[in-house]
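For reference, the structure discussed in these notes is given below.
In this text, all values refer to a predicted model and were calculated from it rather than measured experimentally. Just so we're on the same page: letters track the sequence lines, and every chain starts at 1.
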Amino acid sequence: MNPVSAQADGRVRVRMAPSPTGPIHLGNVHTSLFNWLFARQRQGVFVLRFEDTDAARSDPKWERVIYDELRWLGLDWDEAPEPGGPYGPYRQTERLHLYRDWARRLVDAGAAYECFCSVEELEAERAEAQSGGRSYQYSRKCRNLSPERRADLLAGGRQPSVRFAIPDGQTVVVDDIIRGRVEFPTSAMGDPIIMRPSGVPLYNFAVVVDDLTMKVTHVLRGEGHISNTPLQVLIYQALGERLPLFGHLGHITGGGGSKMSKRRGEGYIGFYREMGILPDAMFNYLALLGWTPGGDREILTRREILAEFDIGRVTPAPSQFDLEKLLWVNGHHIRRLSVDELARRCAPFLASAGLVPAEPTPAELEKIVGVVALEQIRIEYLQAIVDATRFFFQETLSYTPQAVKMIEEPGVRAVLATAAERLRGLDTWTVESLERAGAALLEQLGQPPRAVYQPIRASVTGRTASPPLFDTLYWIGRDWSLERLSAACAGRPLPVGAPSGEKADKGQEQQE
RNA sequence: GGCCCCAUGGUCAAGAGGUUAAGACACUGCCCUUUCAAGGCGGCGACACGGGUUCGAGUCCCGUUGGGGCUACCA
């Protein structure tokens with residue numbers, strides 16, 4: 001019927017329409033990912049459009065933040081305010097003339113009408129219905145105004161809003177890609193306002209105009225929108241436009257099924273970026289919420305996910321975001337990285353903690369790579385590298401209570417003194433020479449490894465757990481190792497540090 | 001209140017009428033081991049409830065309960 005609605009070609013077109021009112025919420029990141037997967041898999045188009053009609057809360061500065069967040073995850077788009085596209089503009093506030101035009105068509109076709117009721121009048125209607133215990137629905141009293149009455153009201157300076165006339169006694173059927181057939185009786189819908197007197201559209205109307213003029217073929221969005229769908233379908237039909245296909249994804253919730261807490265930032269992707277979740281891991285984990293490739297595989301690359309993603313296998317049920325599992329997935333992705341790559345990613349975390357310079361010398365770089373290699377199988381997120389390797393980079397050491405206790409065990413100081421003496425006598429300080437020295441030490445003392453190595457570990461790291469002892473000694477270096485050993489057997493009180501997230505001692509893990 | 005969505009262990013989830021109801025995270029036992037990890041082998045633990053349909057129901061239908069959404073001149 002309308003040329004605008006004809007599909008340009010056979011390509012799939014999907015969209016994501018965030019509001020620039022803050023960082024993009026994790027639930028929307030999840031929806032974006034599924035849209036992106038769907039589009040990319042079919043050589044389709046992914047459109048990014050901003051719903052900024054809520055003037056009070058929208059701020060263009062958030063657009064950039066949202067771009068950055070999506071880019072971080074590795075999602076790209078084909079049309080958006082930047083770089084533009086054939087169906088722009090892509091901000092609703094720049095599309096006001098379009099909504100006006102389409103609203104006019106609806107009114108002309110008799111599918112919508114001007115409503116002159118004031119906010120106060122509507123409020124009164126609502127209050128009356130409620131006091132009578134009835135559920136409220138607009139009275140539709142403006143639905144059939146006479147031309148004379150309308151002229152009077154206009155002359156009186158009243159600015160009308162536009163309401164969509166819900167047809168009586170119909171059942172709207174939505175064939176949801178994810179949920180199957182869903183039916184809605186129109187009797188449950190009042191005539192909704194679609195245009196404010198100011199000419200700014202309401203969401204349910206703007207989204208239809210946008211989707212149809214942008215030729216969106218598949219609307220994949222959160223389940224919260226399923227109740228909005230029948231109204232939108234009726235608008236498409238009144239306009240004589242072809243419907244897109246709808247698919248409503250289950251919501252992503254926080255722990256306990258509650259809303260994701262915004263308080264500490266868990267609901268936003270920046271929180272995870274800052275703690276050192278890898279984009280690939282987030283991509284992997286998010287894809288697994290509501291979808292599985294089948295079989296028992298969980299750790300997947302982008303390529304694998306893209307190749308196997310199937311919108312038909314997406315579940316309708318909501319799912320809880322589980323940080324523990326994200327960390328486990330992240331651990332796998334960390335271990336998949338080459339040591340150099342992991343070191344490159346860890347360096348900024350070490351630098352901002354003041355442990356290494358922002359621009360390390362080759363020797364410093366070698367040490368970073370060395371210690372990162374030791375921690376690769378031990379950390380689950382990049383930020384953890386800081387506490388895990390502090391003792392390698394900081395000369396002054398603080399000891400955990402457990403480490404102090406270990407050093408103060410009877411007989412331990414004698415062991416440490418012997419160890420210090422032996423290590424001091426080494427000509428070379430390599431992992432191999434240290435291993436030989438360790439073996440010799442065991443023989444000399446006639447003690448099991450545990451009784452000797454653990455006190456040494458406690459002395460040089462300040463804790464009871466670390467990477468393998470000789471690698472640890474090597475990277476701490478000769479000078480610091482010997483100093484720390486001497487300090488430990490000297491018998492002076494050792495500085496006990498506030499638990500700073502020592503990963504080693506269970507129960508002391510720093511709370512994120 | 002009305003309309004709608006959802007429901008397999010604490011969590012993510014396989015399952016498309018007939019299975020001893022997968023697998024993963026978490027928890028836990030053992031192995032490996034100088035500690036911590038990682039890894040390997042085990043363990044605990046579920047079809048929300050009640051009715052139907054069927055020879056047979058986690059799977060289909062109805063109801064109940066629980067969670068969520070919409071019902072705005074929010075998106």
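Taking the C1' atoms as reference points, B:C73 lies 41 Å from B:C62, given to the whole Å. Distance noted for atom P between B:U20 and B:C5: 34 Å (whole Å). For the C1' atoms, the distance linking B:A46 with B:G10 amounts to 11 Å, nearest Å.
Under the Watson-Crick or G-U wobble criterion, with both distances below 3.5 Å, B:G63 is paired with B:C49. As the counterpart of B:C27, B:G43 is assigned, both hydrogen-bonding distances of the Watson-Crick or G-U wobble pattern falling under 3.5 Å. With a cut-off of 3.5 Å on both pairing distances, B:U19 has no Watson-Crick or G-U wobble partner at all. The partner of B:G9 is absent, by the rule that a Watson-Crick or G-U pair needs both atom distances under 3.5 Å.
As judged by a 4.0 angstrom heavy-atom cut-off over every strand, A:Ile193 is placed among the base-contacting residues.
By the neighbour-count criterion of 12 heavy atoms within 6.0 Å, atom CD of A:Glu183 is densely surrounded, having more than that number from other residues, nucleotides or ligands.
Put simply, the side chain of A:Arg457 and the base of B:U34 share a donor and an acceptor less than 3.5 Å apart.
Judged by the 6.0 Å distance and 45° axis criteria, A:Arg463 is not positioned over the aromatic ring of A:Phe391.
If you find the closest nucleotide of RNA chain B to A:Arg57 and to A:Pro318, the one lying nearer the 5' end belongs to A:Pro318. Positionally, the nearest nucleotide of RNA chain B for A:Arg179 lies more toward the 5' end than for the other of A:Arg179 and A:Gly224.
Of the candidates B:U34, B:G23, B:C25, B:G23 carries the atom nearest the A:Glu298 side chain, counting heavy atoms from C-beta on. Distances from the side chain of A:Arg313 to the nucleotides B:C70, B:G15, B:C12 place B:G15 closest. The side chain of A:Ile226 approaches B:C4 more closely than any other nucleotide in the set B:A24, B:C4, B:G68. Among the nucleotides B:C4, B:C36, B:U34, the one closest to the side chain of A:Pro185 is B:C4. For A:Val182, the listed nucleotide lying nearest its side chain is B:C5; candidates were B:C12, B:G23, B:C5. Side chain of A:Trp328, nearest nucleotide from B:A7, B:A24, B:C12: B:A24. Proximity note for A:Ala188 (side chain, C-beta onward) versus B:U35, B:A75, B:C3: the nearest is B:C3.
Here A:His332 reaches the OP1 or OP2 of B:G39: one of its side-chain N or O atoms lies under 4.0 Å away. Within the 4.0 Å cut-off from OP1 or OP2 of B:G67, not a single side-chain nitrogen or oxygen of A:Thr253 is found. Checking the phosphate oxygens (OP1, OP2) of B:C5, no side-chain nitrogen or oxygen of A:Ser227 falls inside 4.0 Å. Between A:Thr292 and B:A14 there is a side-chain N or O to OP1 or OP2 distance below 4.0 Å. Note on A:Arg378: every side-chain N or O is 4.0 Å or more away from OP1 and OP2 of B:U35.
Put simply, the side chain of A:Arg15 never gets that close to the backbone of A:Val47: no donor and acceptor are under 3.5 Å apart.
Relative ring orientation between A:Phe246 and A:His248 is described as parallel, the plane-to-plane angle staying below 30° on a 0-90° scale split at 30° and 60°.
Regarding A:Tyr285, its OH atom lies at a distance of 8 Å from the P atom of B:C12, rounded to whole Å. When the P atom of B:C4 is taken as reference, atom CZ of A:Phe184 falls 8 Å away, rounded to whole Å.
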Apply the test side chain to side chain contact (heavy atoms under 4.5 Å, CB included) to residues A:Tyr272 and A:Asn330: give CA-CA distance (whole Å), side-chain angles for both, the deciding distance (0.1 Å), then the verdict. CA-CA 11 Å; A:Tyr272 303 94; A:Asn330 201 46; over 6 Å; no
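One finds a salt bridge joining A:Glu341 and A:Arg345 here, because a Lys/Arg side-chain nitrogen approaches an Asp/Glu carboxylate oxygen to under 4.0 Å.
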